2 protein chains.
Amino acid sequence: MAPRPTASDRLDRDELLSTALAIADSDGLDAVTLRRVATEFHVTPMALYWHFKDKDALLDALVERMLAEVTLDDSDDLRSVMTTMLGVLRAHPALAEITPLRSMRTEAGLALAERVVGLLRAEGHSPVAAAQLSIFLLNALIGLVVQQPGEVAVPDPAQRGALLAAKRARLKSLPPEAWPHLTETADFFLGLPDEEEYYDRGLTLLRRAIRTD
Amino acid sequence: MAPRPTASDRLDRDELLSTALAIADSDGLDAVTLRRVATEFHVTPMALYWHFKDKDALLDALVERMLAEVTLDDSDDLRSVMTTMLGVLRAHPALAEITPLRSMRTEAGLALAERVVGLLRAEGHSPVAAAQLSIFLLNALIGLVVQQPGEVAVPDPAQRGALLAAKRARLKSLPPEAWPHLTETADFFLGLPDEEEYYDRGLTLLRRAIRTD
DNA sequence: ACGGTCGCTATACGCCGTAAATTTATGGGA
DNA sequence: TCCCATAAATTTACGGCGTATAGCGACCGT
């Protein structure tokens, strides 16, 4: 969109990532294309290969960039770490999708894991239990964001509306006698009256799973 | 691979799905290509469009097929539902990846959701809490499978080995003073000594999260 | 002044999903 | 028995994707 974000006429790895991140946030992960990013810098797609080994490396760097937004200080306990992490994921739902397998391949991801495992150890979990819990927690937070009712990964408003309408029609047409519980809770699956309530419940759930006592 | 799975010379939707499922299981989700499936039936890619609206519909049908493997009877409690579901997901890890947003678009997925929400209601959860928990549980089970340490989504043995070796080198090279917890638990992140133990811990975690008391 | 490396372009390839038009096979009614 | 509507698949083509390979100009230390 913008002709060229910088004054210099040389590509900057960080600016490439910023642009790619903006594309992911606004148009979804599928819109993050080497050609698309290159175009926004008025450059050939192959130019990106000087700065990233391949597209996979670019995505890794994107995840790294996102995880670096999880700024923690020593006073943060597990609860605030989770809250912070959740906030970052909610800001970048498209990247949340691909974070699980990539987080440990990034510096920021390793640091975060070290931190979380440490906090879990301090709560009395065994090393292995703490390690498994750390993965579990990251995954659960991502799940909360990606699966948030009413959200669909496709950013095109028309198509999204169509998908949601289809889902609504489907759920609303179920006979209550045969589907008592889904009809009772259909509204929840179709959209959230209060997002914060949803995420609070999610965090409470996780805290209960963690409890050692 | 097989020249033609059936005697008839007409494509059969179910056989198409079986083949696609086999491809996904053996070679990963990215290998599930309209051209690849078509080739295995000695048929043009466009032939598949008679049986599926588009690729997305084929993937939906694939998820449906997998979820249909979750066979339950009325005596099953929540615990056994989760165990059964976990078994099915472990049998089809490639499909597990795309299940979250698709499950509610399938008949089998709706039935499963109805069942799980009902069981959660019976445990004393409010309608909304039960609904959220049902999503959470599905997601957590998928997370256990997809994130299973030592597993990577790419099926090519050489590339998988390389990835794992890189991860191992990375973790093993961390200085223990700066990374006490990750070095202590490195072995867990690199592979499981006992898969069943891993999944047992996961299920226990979930049961604790569900508990109403 | 010059040679090398840095950073990028040019071109091309093979793969993907799929739109549109066309062809072939089939089975039921006249 | 013939015919024809409709089912089922083919043909052709398009645009988009990641990326291998080769080449080219500008800059920089000597």
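Lettering of chains follows the sequences in order, A, B, ..., and the numbering in each one begins at 1. None of these values were measured; they are calculated from a predicted model.
In this structure B:A186 satisfies the side-chain contact (heavy atoms from CB on, under 4.5 Å) test together with B:L171, sequence neighbours excluded. Residues forming a side-chain hydrogen bond (donor to acceptor under 3.5 Å, both in side chains) with B:D187 (at least two apart in sequence, or on another chain): B:K172. Residues passing the side-chain hydrogen bond (donor to acceptor under 3.5 Å, both in side chains) test with B:Y199, sequence neighbours excluded: B:Q148. Under the side-chain contact (heavy atoms from CB on, under 4.5 Å) criterion, B:A130 pairs with B:V117, B:L120, B:R121, B:H125, not counting sequence neighbours. For B:E114, the side-chain hydrogen bond (donor to acceptor under 3.5 Å, both in side chains) partners two or more places apart in sequence, or in a different chain, are A:H181. Applying the side-chain hydrogen bond (donor to acceptor under 3.5 Å, both in side chains) criterion to A:S18, with sequence neighbours excluded, gives A:R65. Judged as a side-chain contact (heavy atoms from CB on, under 4.5 Å), and not counting sequence neighbours, the contacts of B:S103 are B:L67, B:T99, B:L138. In terms of the side-chain contact (heavy atoms from CB on, under 4.5 Å) criterion, residue partners of B:A111 (sequence neighbours excluded) are, by chain and number, A:W179.
Following rounding to the nearest Å, A:D12 (CG) and C:dG7 (C1') show an atom-to-atom distance of 13 Å. In this structure, the CH2 atom of A:W50 is 16 Å from the P atom of D:dT21, given to the nearest Å. A straight line from CG of A:D9 to P of C:dC8 spans 8 Å, rounded to a whole angstrom. Counting to the nearest Å, the C1' atom of D:dA8 and the CZ atom of B:F41 are 15 Å from each other. In this structure, the CZ atom of B:R13 is 17 Å from the P atom of D:dA7, given to the nearest Å.
Taking each heavy atom of A:L110 and B:L182 in turn, the nearest pair found is O-CD1, 3.4 Å.
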Show the distances under 3.5 angstrom between N or O atoms of the protein and N or O atoms of nucleotides 23-27 of chain D.
none

Could you list the protein-to-nucleotides 17-22 of chain C atom pairs, N/O on both sides, closer than 3.5 Å?
residue, atom, partner, partner atom, Å
C:dG17, OP1, B:K55, NZ, 2.8
C:dG17, OP2, B:L34, N, 3.1
C:dG17, N7, B:R35, NH2, 2.5
C:dG17, O6, B:R35, NH2, 2.7
C:dT18, OP2, B:Y49, OH, 2.7
C:dT18, OP2, B:K55, N, 3.0
C:dT18, O5', B:Y49, OH, 2.9

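Checking side-chain atoms of B:E64 against main-chain N and O of B:E107 turns up a donor-acceptor pair under 3.5 Å.
In terms of position along DNA chain C, the nucleotide closest to A:T44 lies nearer the 5' end than the nucleotide closest to the other residue of the pair B:A31 and A:T44.
Comparing the axis of the opening five pairs of the helix from C:dA1-D:dT30 to C:dA30-D:dT1 with that of the closing five pairs yields an angle of 20°, rounded to 10°.
Screening residues 155-169 of chain B for side-chain hydrogen bond (donor to acceptor under 3.5 Å, both in side chains) gives no qualifying pairs among residues at least two apart or on separate chains.
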